[in-house]
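Before any comments, here is the structure.
Chain A is the first sequence line, chain B the second, and so forth, proteins listed ahead of strands; every chain is numbered from 1.
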Amino acid sequence: MLSIEQIRNETDTVRAALVRRAEDEDCLDDILTLDTRRRVAITEGDELRARRNQVSREIGQARSQGDQPADDIIAEMREVGQRISGLEDEVRDLDSRINDAMMALPNLPDASVPDGTDETANLVLRHWSEPTKLDFEAQPHWDIAERLGIIDFQRGVKLSGSRFYTLNGYGARLERAIIAWMLDLHGNEHGYTEMSLPIIVRRETMEGSGNLPLFADNLYHDEEDDLWLIPTAEVPVTNLHRDEILDAGQLPMYYVAHTPCFRREKAAAGRDTRGIKRVHQFNKVEMYKFVEPDTSFDELESLLGNAETVCQRLNLPYRILQLCAGDISFPSAKSYDVEVWAAGSQEWLEVSSCSNCTDFQARRANIRYRPGVGERPRFVHTLNGSGLALPRVIIAILENNQQPDGSVVIPEALRPYTGFDVIPAA
RNA sequence: GGAGAGGUGGCCGAGUGGUUGAAGGCGCCGGUCUCGAAAACCGGUAUACCCCUCUGGGGUAUCGCGGGUUCGAAUCCCGCUCUCUCCGCCA
């Protein structure tokens with residue numbers, strides 16, 4: 001959520017930034033109109049309340065001295081009370097309309113974010129290593145995995161429907177190893193605190209992270225208790241410190257968590273239907289930072305570095321994309337994507353998206369910190385990045401490390417965790 | 001799921017209709033004292049919003065949340081929510 005002060009005082013800046021995101025900025029005028037009406041109503045209500053407080057105090061004092069208050073004063077105050085109620089209704093209505101409009105506004109792109117309205121305008125910043133070249137006919141992961149018997153698509157569908165699968169034997173063990181290895185890497189070498197979190201959360205939690213009310217379409221929902229399955233660990237982590245005022249000394253705070261992620265993928269129906277590139281349930285290791293505002297853009301660079309380290313240690317060729325203004329996610333002010341090369345399906349796979357959400361989520365979830373003793377609380381900045389998403393890492397390992405005999409070699413870094421060096425050809 | 005108890009400021013804890021945004025204590029910050037520290041003493045110590053003749057002044061709201069009664073509610077009534085205890089159930 002943006003700040004109403006910024007919309008009020010820097011309207012043109014906000015308008016220009018929204019245009020860069022290819023967002024409709026007409027609502028700004030509506031918000032400003034509602035905001036003016038709101039403040040008029042608040043002022044009038046406050047004045048009436050001040051009058052009522054004063055008179056009530058006088059009535060109390062008179063009564064304590066045995067005097068009876070005049071009936072006409074009581075009658076007048078009764079009427080003042082009704083006017084106050086009316087103004088309160090009006091303010092409540094205006095608040096909710098302003099809030100609805102504000103909730104629909106995305107974060108503003110940072111000045112360093114390139115122009116562009118969609119993914120075609122994203123910039124390739126750099127490559128690491130060369131896309132894997134195999135001197136035999138490379139197979140896509142769905143063929144490799146089925147042949148090795150480590151992914152069962154049919155039975156996944158039998159259990160849960162399309163876009164579900166099971167990992168079997170070496171496949172399941174490989175996934176478990178990758179998760180444990182990533183958590184250890186970020187926990188031991190990058191300074192993140194490991195968390196195990198609820199993956200089913202209340203409505204308020206989804207609102208705090210910005211997934212509701214706008215993106216309900218992509219979420220699984222339990223109607224009976226109004227609980228929601230998380231699409232990413234970003235949701236519970238963001239809300240860990242909701243409605244808190246942190247000490248400056250506590251920042252920065254780094255968290256890493258492995259969770260299953262659930263996505264209905266309504267908007268992507270029909271896309272990427274083969275294999276495990278786009279599924280309804282997947283595992284992900286997520287990195288998350290709460291930081292002081294002045295440091296957040298530096299923190300974004302180191303966050304990206306942490307994601308890159310994962311790819312490097314796995315020896316997966318990757319490239320870094322800087323997302324353009326029209327392609328950064330709703331709460332983000334600046335984002336980088338990490339894409340690894342998959343030699344079988346011959347495409348770049350997004351395995352991580354690292355974003356600086358500045359104070360956008362913090363404002364929504366009311367996460368503040370006190371810069372110094374006696375100073376006013378300020379909103380923290382939040383950042384998140386996958387570190388990494390499991391299915392696509394598995395795809396890349398299977399496709400890049402496949403051997404002519406049909407086996408798949410495990411990256412060295414993972415071997416202490418898998419306990420095997422190769423998935424043997426069946 | 002059943003029964004009961006309870007949610008007050010950073011923490012503990014008073015407070016059942018009228019100068020209570022909230023006693024008292026602890027903690028924290030500043031000061032006095034001291035070579036320094038401790039102790040003691042003095043002072044300060046929530047958040048959000050609004051207005052103005054705006055390096056300052058004034059006002060409003062907030063005692064889990066939302067309604068209601070009343071001139072006036074932390075205090076009374078209703079609904080919700082969360083926590084705790086006991087019973088039941090269960091990994």
Side-chain angles (χ1 to χ4, degrees), chain A residues 1-9 31-103 196-208 212 222-228 236 239-251 253 260 359 361-380:
Chain A
M1 165 133 58
L2 304 176
S3 85
I4 186 71
E5 289 82 13
Q6 187 182 19
I7 292 175
R8 232 182 257 156
N9 302 328
I31 290 173
L32 287 172
T33 304
L34 293 169
D35 178 53
T36 303
R37 287 174 52 192
R38 173 179 175 274
R39 285 190 286 163
V40 168
I42 284 177
T43 302
E44 193 181 340
D46 281 358
E47 283 165 358
L48 286 174
R49 264 187 293 266
R51 162 117 178 99
R52 183 177 69 179
N53 287 345
Q54 193 201 331
V55 171
S56 294
R57 215 173 290 133
E58 285 165 10
I59 291 174
Q61 280 168 351
R63 196 155 264 173
S64 69
Q65 290 165 7
D67 297 338
Q68 282 302 311
D71 288 345
D72 58 333
I73 297 285
I74 300 277
E76 185 203 336
M77 283 307 106
R78 192 172 293 139
E79 201 234 324
V80 165
Q82 280 162 5
R83 284 168 64 198
I84 290 172
S85 292
L87 286 164
E88 282 173 345
D89 290 343
E90 186 181 341
V91 170
R92 197 174 307 123
D93 175 60
L94 289 166
D95 272 339
S96 104
R97 288 165 67 187
I98 291 168
N99 191 54
D100 288 351
M102 299 278 286
M103 289 286 249
S196 178
L197 298 163
I199 58 175
I200 177 167
V201 300
R202 320 162 54 131
R203 172 178 294 272
E204 299 91 295
T205 303
M206 280 297 178
E207 287 170 347
L212 287 177
D222 165 53
E223 297 268 352
E224 199 168 357
D225 295 318
D226 197 22
L227 291 171
W228 302 71
N239 283 275
L240 280 176
H241 298 294
R242 189 174 67 201
D243 295 322
E244 290 184 19
I245 299 175
L246 305 166
D247 292 328
Q250 292 176 265
L251 301 175
M253 300 169 99
D359 60 359
Q361 286 179 326
R363 181 169 277 111
R364 219 176 247 248
N366 193 29
I367 308 164
R368 293 170 292 172
Y369 78 106
R370 199 180 298 282
V373 175
E375 292 186 54
R376 288 191 70 199
R378 293 184 65 188
F379 289 108
V380 302

Considering only nitrogen or oxygen atoms on both sides, find all protein atoms under 3.5 Å from nucleotides 43-45 of chain B and state each distance.
none

Extract from the structure each pairing of a protein N or O with an N or O of nucleotides 79-84 of chain B at less than 3.5 Å, listing the distance.
none

Could you tell me how far [M] sits from [N] if I compare only their [atom1] atoms? Round to whole Å.
N     : M     : atom1 : result
B:U19 : B:A38 : C1'   : 40 Å
B:A61 : B:G7  : P     : 24 Å
B:G9  : B:G24 : C1'   : 14 Å
B:G6  : B:C80 : C1'   : 16 Å
B:U34 : B:A40 : C1'   : 12 Å
B:C90 : B:C77 : P     : 39 Å
B:G13 : B:G27 : C1'   : 14 Å
B:C41 : B:C26 : P     : 9 Å

Side chains of [X] and [Y]: closer than 4.5 Å at any heavy-atom pair?
X        : Y        : answer
A:Val201 : A:Asn239 : no
A:Met253 : A:Val380 : no
A:Arg92  : A:Asp89  : yes
A:Val55  : A:Arg52  : no
A:Leu227 : A:Arg202 : yes

Notebook entry, point to check: Does a side-chain N-to-carboxylate-O contact under 4.0 Å join A:Asp100 and A:Arg97?
Noted result: no

Next item on the list: State which of B:G72, B:C50, B:A48 makes the closest approach to the side chain of A:Arg39.
Entry: B:C50

Next item on the list: Check every atom of B:G18, B:U47, B:C50 against the side chain of A:Pro377 and return the nucleotide holding the closest atom.
Entry: B:U47

[X] [atom1] to [N] [atom2]: how many Å, rounded?
X        : N     : atom1 : atom2 : value
A:Ile74  : B:G18 : CD1   : P     : 15 Å
A:Asn366 : B:C49 : CG    : P     : 10 Å
A:Ile59  : B:U19 : CD1   : C1'   : 14 Å
A:Arg242 : B:C65 : CZ    : P     : 14 Å
A:Ile73  : B:G72 : CD1   : P     : 14 Å
A:Ile245 : B:C11 : CD1   : P     : 11 Å
A:Asp35  : B:C49 : CG    : C1'   : 12 Å
A:Leu246 : B:G10 : CG    : P     : 14 Å

Pairing nucleotide - [N], Watson-Crick or G-U, each distance under 3.5 Å:
N     : answer
B:G30 : B:C42
B:A14 : none
B:U60 : B:A48
B:A22 : none
B:A91 : none
B:C54 : none
B:C76 : B:G68
B:A3  : B:U85

Can you see which heavy atom on [X] is nearest to which on [Y], and at what distance?
X        : Y        : value
A:Arg364 : A:Glu207 : CD-O, 3.3 Å
A:Trp228 : A:Arg203 : CZ2-NH2, 3.5 Å
A:Leu48  : A:Val80  : O-CG1, 4.0 Å
A:Pro371 : A:Pro377 : CD-CA, 4.5 Å
A:Pro236 : A:Leu197 : CG-CD1, 4.1 Å
A:Arg370 : A:Glu375 : NH1-O, 3.0 Å

Margin query: With the threshold set at under 4.0 Å for non-hydrogen atoms, list the residues of residues 79-100 of chain A touching RNA chain B in residue-number order.
Written below: A:Arg92

Item checked: From A:Ile98 atom CD1 to A:Thr33 atom OG1, the distance as rounded to the nearest 0.5 Å -> 10.0 Å

Check: From A:Ile200 CD1 over to A:Thr205 OG1, what is the distance, rounded to the nearest 0.5 angstrom?
Finding: 11.5 Å

Margin query: My understanding is that only residues two or more places apart in sequence, or in another chain, count here; which of them pass side chain to side chain donor-acceptor pair (under 3.5 Å) with A:Glu76?
Written below: A:Arg51

Margin query: Strictly by salt bridge (charged side-chain N to carboxylate O under 4.0 Å, His left out), give each pair with a member in residues 31-43 of chain A just once, sequence neighbours left out.
Written below: A:Arg8-A:Asp35, A:Asp35-A:Arg39, A:Arg38-A:Asp95

Item checked: Residue mapping more 5' on RNA chain B - nearest nucleotide basis, A:Val40 or A:Arg370 -> A:Arg370

Check: Would you say A:Arg368 reaches B:A48's phosphate, i.e. side-chain N/O to OP1/OP2 under 4.0 Å?
Finding: yes

Item checked: Touch class at under 4.0 angstrom, heavy-atom based, for A:Arg8 against every strand present -> sugar-phosphate

Next item on the list: Mark up nucleotides 59-64 of chain B, 5' to 3', with B wherever a protein heavy atom is under 4.0 angstrom from a base atom, S wherever such an atom reaches only the sugar-phosphate, and - elsewhere.
Entry: BSS---

Checklist line | Over 12 non-hydrogen atoms of neighbours within 6.0 angstrom of CG in A:Asp71 | finding: no

